[in-house]
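Have a look at the structure below before the remarks.
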Amino acid sequence: MSKKLRFGLPKGSLQEATIEKLAKAGFNIQVSSRSYIPYVDDEEMEIRLIRAQEISRYVEHGYLDCGITGHDWIIENGSSVHEVGEFLFSKVSRRPARWVLCVPENSPVKSVKDLEGKRIATEVVNLTKKYLKKNGVKAEVEFSWGATEVKAHELVDAIVEVTETGSSLKANKLRIVDELLSSTPRLIANHSAWKDGWKRKKIETLAMLLKGALDAEAKVGLKMNIAEKNLEKLLSDLPALRNPTISSLSLKGWVAVETIIDEKVVRVLIPQLKAAGAEGIIEYPLNKVVY
């Protein structure tokens with residue numbers, strides 16, 4: 001019987017982004033609407049699609065060997081797991097998700113101290129209770145099943161809600177009073193699975209390939225030809241071309257230069273390369289960058 005790594009993927013808002021990143025890492029996953037067990041093209045792996053809120057508990061208790069979930073849910077659940085790595089990706093941006101204390105724009109509440117004896121709605125009840133205790137505030141915290149932003153205007157005095165850009169809060173006429181936690185997706189492992197040699201190697205390989213896929217997203221490859229006499233000036237003038245690969249061409253006196261650079265500098269760099277005498281400039285996307 002072949003060994004299997006049971007891997008939990010977050011169902012919901014992070015699902016699409018996670019599957020897309022894993023595809024770039026080399027793991028093709030197909031989700032069926034009729035099953036919570038997706039197909040993966042790796043016979044040594046079993047995927048389970050579970051809500052991000054629950055993954056850390058299932059990893060801690062050994063139902064899953066490893067999984068991807070937010071740092072926020074690990075803290076909320078108080079889960080004892082091994083953190084393998086942090087991976088900055090999300091459905092909206094590469095910014096961390098933030099859990100923030102919010103009130104209506106016209107609320108008299110200016111700080112958490114003003115919520116003494118008031119009522120707060122949130123999905124992260126434990127996190128909110130710890131925050132209130134730390135600030136010496138006694139308030140009622142109720143679990144919210146959803147549509148938390150709407151409740152702030154009629155049903156409760158404040159909410160603790162997650163945001164990436166803040167645009168939804170502004171649209172709902174809410175004002176941020178304080179930030180409780182900044183959260184990014186994490187790859188976590190069960191302590192026993194991490195001590196198992198085969199499982200640990202499999203998880204570490206997964207982490208390496210996933211990191212390589214994420215690192216590649218912000219970079220591109222660049223190739224060009226240049227006369228050998230202009231090479232030194234090109235490299236001294238353009239610090240973005242760090243540690244390029246230089247190889248001789250069949251055409252005497254010319255060399256090929258190849259490098260990997262941040263995508264955001266390409267539009268500025270290419271005209272400078274052209275002006276420096278570079279020819280046949282080619283920009284190409286990268287699938288993985290493993291350092």
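Predicted, not measured: the structure shown is a model, and the values here were computed from it.
Donor-acceptor pairing under 3.5 Å is lacking for the side chains of T245 and E258.
Residue K4 comes nearest to E43 through the heavy atom pair NZ-O, 2.7 Å, listed as atom of the first residue, atom of the second, then distance. Between P108 and D114, the closest heavy-atom pair is O-OD2, 4.2 Å. A pairwise comparison of heavy atoms in L206 and F27 identifies CD1-CE1, 3.6 Å as the closest pair. Closest approach of A278 and I226 over heavy atoms only: N-CD1, 4.0 Å. K202 and D42 make their closest contact through NZ-OD2, 2.8 Å (heavy atoms, listed as atom of the first residue, atom of the second, distance). Closest non-hydrogen pair, V103 versus A158, comes out as CG1-CB, 3.7 Å.
N230 has its side chain out of reach of W254: every pair of non-hydrogen atoms, C-beta onward, lies at least 4.5 Å apart. Two residues are said to be in side-chain contact when any heavy atoms from C-beta on lie closer than 4.5 Å; L273 and L234 meet this criterion. At a threshold of 4.5 Å between non-hydrogen side-chain atoms, the residues F87 and L210 count as touching. Counting heavy atoms from C-beta on, the side chains of I120 and E140 never come closer than 4.5 Å. Using a 4.5 Å cut-off on side-chain heavy atoms (C-beta onward), L5 and I203 make contact. By the 4.5 Å heavy-atom criterion applied to side chains, V31 and Q15 are counted as neighbours. Within the 4.5 Å cutoff, the side chain of M224 has no heavy atoms near those of the I282 side chain. Annotation: side chain of S144 is not in contact with side chain of I159 (no heavy-atom distance under 4.5 Å).
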Got a list of side-chain donor-acceptor pairs under 3.5 Å for residues 170-177, not counting sequence neighbours?
residue, atom, partner, partner atom, Å
N172, ND2, E149, OE1, 3.4
N172, ND2, S168, O, 2.9
R175, NH1, V109, O, 3.0
R175, NH2, S107, O, 2.7
R175, NH2, V109, O, 3.1

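Using a 4.5 Å cut-off between side-chain heavy atoms of Ile, Leu, Val, Met, Phe, Trp and Tyr, with links allowed through other members, I37 and L64 fall into the same hydrophobic cluster. In the hydrophobic clustering of this structure, F143 groups with I75; members are Ile, Leu, Val, Met, Phe, Trp, Tyr whose side-chain heavy atoms approach within less than 4.5 Å, directly or through other members. I270 and V265 end up in the same hydrophobic cluster when Ile, Leu, Val, Met, Phe, Trp and Tyr side chains are linked at under 4.5 Å.
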Apply side-chain contact (heavy atoms from CB on, under 4.5 Å) to L180 and T128, showing your working.
CA-CA 8 Å; L180 281 71; T128 304; 4.3 Å; yes

Tell me, with the steps shown, if K274 and E279 meet salt bridge (charged side-chain N to carboxylate O under 4.0 Å, His left out).
CA-CA 7 Å; K274 184 76 177 160; E279 295 181 7; over 6 Å; no

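Taking a cutoff of 4.0 Å between a charged side-chain nitrogen and a carboxylate oxygen, E164 and R98 do not qualify as a salt bridge. Salt bridge status for K118 with E116: absent, with no side-chain N to carboxylate O gap under 4.0 Å. Ion pair E283/K223 not flagged as a salt bridge, since none of the NZ, NE, NH1 or NH2 atoms sits closer than 4.0 Å to an Asp/Glu carboxylate oxygen. Comment: R200 does not engage D196 in a salt bridge, judged by the lack of any side-chain N to carboxylate O separation of less than 4.0 angstrom. Residues R57 and E54 are paired through a salt bridge, judged by an N-O separation under 4.0 Å between the basic side chain and the carboxylate.
When E76, E123, K11 are each tested for a side chain to side chain donor-acceptor pair (under 3.5 Å) with Q53, only one passes: E123.
A salt bridge (charged side-chain N to carboxylate O under 4.0 Å, His left out) check over residues 61-73, counting only residues at least two apart or in different chains, returns the pairs D65-K199.
Here the straight-line distance linking atom OG1 of T122 with atom CG of L101 works out to 9.5 Å at 0.5 Å rounding.
Around CD of E16, the count of heavy atoms belonging to other residues, nucleotides or ligands within 6.0 Å does not exceed 12.
A cation-pi arrangement, defined by a distance under 6.0 Å to the six-membered ring centre and an angle within 45 degrees of its axis, is absent between R48 and Y58.
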